[in-house]
2 protein chains.
Amino acid sequence: MKQIKISEAVVRRLPIYLRYLNELSISDVQTVSSQDLGDKLDLNPAQIRKDLAYFGEFGRKGVGYNVGYLIEKIRHILNLDRPIHVALVGAGNLGRALCNYNMYLKDNMKIVSVFDDDPAKKGVAIGNLTVNPIQMLPDEVKDKDISIGIITVPASEAQKVADRFVEAGIRAILNFAPTVLKIPAGIRIHHADFTSDLLSLAYYMDHDLDSDAAEDPVNSDDAEGAEQ
Amino acid sequence: MKQIKISEAVVRRLPIYLRYLNELSISDVQTVSSQDLGDKLDLNPAQIRKDLAYFGEFGRKGVGYNVGYLIEKIRHILNLDRPIHVALVGAGNLGRALCNYNMYLKDNMKIVSVFDDDPAKKGVAIGNLTVNPIQMLPDEVKDKDISIGIITVPASEAQKVADRFVEAGIRAILNFAPTVLKIPAGIRIHHADFTSDLLSLAYYMDHDLDSDAAEDPVNSDDAEGAEQ
DNA sequence: TAGATTGTTAATCGATTAACAATC
DNA sequence: TAGATTGTTAATCGATTAACAATC
């Protein structure tokens with residue numbers, strides 16, 4: 001039996017496929033080709049076929065993919081055919097926004113517990129949840145079978161929260177704090193750091209051309225730079 | 001003069017470097033090596049040296065990089081040595097959270113205008129901004145020299161907002177809506193789609209039971225039985 | 001059948017890492 | 001000087017894309 005390592009890039013595309021397939025399903029579209037998917041999602045059709053083929057043979061030659069069947073398969077691959085429980089630490093503006101964003105409820109994944117170490121926030125309601133003190137984290141993780149943690153505390157507190165998550169037995173972390181975290185191997189971590197995202201976009205603005213070109217290889221030509 | 005194409009991967013690391021360098025600067029650290037940076041940021045030191053070398057020779061052999069000097073250089077490369085103005089469309093929970101997140105003020109980048117097409121939100125205050133009707137977008141972009149747009153509307157509205165941004169002459173977009181947008185070549189777009197991020201983490205729940213060995217995520221149920 | 005489209009292998013492209021001469 | 005560390009080239013690794021036989 002061959003052991004294929006599925007790359008993170010592949011896994012990250014699966015929810016994108018799933019999302020569009022769900023749209024197609026709602027529109028009662030029965031069948032879709034890798035070409036259709038590629039056009040819509042701005043991806044190479046060969047890449048889509050290859051991604052899916054890692055997990056099985058889901059299509060029919062000459063026909064395409066059955067939308068409902070492919071949805072079912074991807075949901076299974078992503079473990080979304082069973083409930084996945086999420087905890088969030090940091091009931092600030094961003095944390096509250098994410099809690100209210102319950103649009104992924106339909107995907108069997110939901111935030112079931114919110115924490116904050118500010119005593120003033122204890123018991124405050126956010127949607128149908130109430131803010132717990134951070135000390136309750138280990139018990140809640142156990143009691144509610146929580147496997148993913150979201151961090152929305154300031155950068156200065158993020159590592160401490162991550163450590164607590166790890167100790168409580170969480171399997172994966174989504175970190176919104178603008179800092180790099182040290183996490184033991186075996187725990188997955190994704191960074192959702194929009195401040196870095198935003199700053200990196202500034203690179204593509206028109207550079208002012210004042211400085212000496214010798215020392216500044218970043219001139220406006222770079223910003224155009226071929227469509228990809 | 002050589003025109004080197006700088007990859008997006010490189011550009012995206014620059015703000016990460018900058019952030020840690022700023023921390024070092026605050027701690028009065030004068031010099032840092034690529035080894036130090038790599039340890040802290042979980043990156044290969046050779047990669048860091050290579051990234052920086054695309055833009056010039058910023059270090060000293062046998063010594064390392066001067067923190068203050070490198071900050072200055074990276075800020076210049078990223079255009080953060082001049083004000084960068086940002087507009088945000090979608091004054092919901094997430095949009096308001098981002099507006100209140102003015103922690104990147106110190107980087108010369110700030111949200112200067114907020115829009116929403118809900119008449120009920122017109123004039124509502126968010127921090128020191130007030131919500132404008134979407135019709136004002138083109139004029140605001142011109143008047144306030146706005147070059148980056150943030151989209152925090154529902155997925156169903158996101159393409160319309162993107163089109164407005166492009167027409168108004170924006171140079172780059174940060175899209176928080178969970179959908180793929182069609183954007184003309186030459187305009188940069190980054191996706192900050194945390195719902196996909198979160199869903200993709202679910203993949204690692206069952207499959208990753210032993211940490212380092214690549215394990216076969218294609219279990220027998222998966223590989224089998226395309227009904228078709 | 002003829003046209004379409006998959007699954008998969010091979011080719012290409014790009015990014016990361018290793019290695020080391022230069023030199024502080 | 002001896003040790004440290006850069007800048008850069010070469011080697012490696014991994015991901016994307018092209019191509020096409022299989023086949024619906």
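Here is how names work: the chains are called A, B, and so on, in the same order as the sequence lines, proteins then strands, and each is numbered from 1.
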Write down the distance between [atom1] ([X]) and [atom2] ([N]), rounded to a whole number of angstrom.
X	N	atom1	atom2	result
A:D39	C:dT5	CG	C1'	14 Å
B:F58	D:dT5	CZ	C1'	17 Å
A:E57	C:dT9	CD	P	11 Å
B:E8	D:dA15	CD	P	17 Å
A:I48	D:dT17	CD1	P	10 Å
A:L43	D:dA18	CG	C1'	16 Å
B:I6	C:dG14	CD1	P	14 Å
B:R13	C:dT17	CZ	C1'	12 Å

Kindly indicate whether the side chain of [X], heavy atoms from C-beta on, has any atom under 4.5 Å from the side chain of [Y].
X	Y	value
B:T179	B:Q159	no
B:L52	B:Y65	yes
A:R82	A:I84	yes
A:L88	A:V114	yes

If only side-chain N and O atoms of [X] are considered, is one of them under 4.0 Å from the OP1 or OP2 phosphate oxygen of [N]?
X	N	value
B:S7	C:dG14	no
B:S34	D:dT5	no
A:Y65	C:dA4	no

Q: Under 3.5 Å for both distances, Watson-Crick or G-U wobble, that's the pair rule; now give the dot-bracket for DNA chain C, with | marking pairs to another strand and [ ] for crossing ones.
A: ..||||||||||||||||||||||
Return the nearest nucleotide to the side chain of [X]; candidates are [options].
X	options	value
A:K61	D:dG7, D:dA19, D:dA22	D:dA22
A:S33	D:dT17, C:dT23, C:dT6	C:dT6
B:V63	C:dC24, C:dT16, C:dT6	C:dC24
A:K50	C:dT8, C:dT16, C:dA18	C:dT8
A:R60	C:dT8, D:dA18, D:dC24	D:dC24

Without placing hydrogens or testing angles, list every side-chain donor-acceptor pair under 3.5 Å for residues 42-50 of chain B, not counting sequence neighbours.
from, atom 1, to, atom 2, distance (Å)
B:N44, OD1, B:A46, N, 2.7
B:R49, NH1, B:S34, OG, 3.0

Q: Remember a base hit wins even if backbone is also touched, and classify B:R49 as base, sugar-phosphate or nothing at under 4.0 Å, heavy atoms.
A: base
Q. For B:Q47, which contact category applies under a 4.0 Å heavy-atom criterion: base, sugar-phosphate, or nothing?
A. base
Q: Kindly compute the distance separating CG (A:L94) from CG (B:L94), expressed to the nearest 0.5 Å.
A: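 That separation rounds to 7.0 Å.
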Q. Between B:D193 and A:R19, is there a side-chain N and carboxylate O pair less than 4.0 Å apart?
A.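 Result for this pair is yes, salt bridge flagged.
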Q: Applying side chain to side chain contact (heavy atoms under 4.5 Å, CB included) between A:S113 and each of A:L137, A:I146, A:V86, report the one that passes.
A: A:I146
Q) Which residue, B:N44 or A:D51, contacts DNA chain C at a nucleotide closer to its 5' end, judged by nearest heavy atom? A)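 On the 5' side of the pair lies A:D51.
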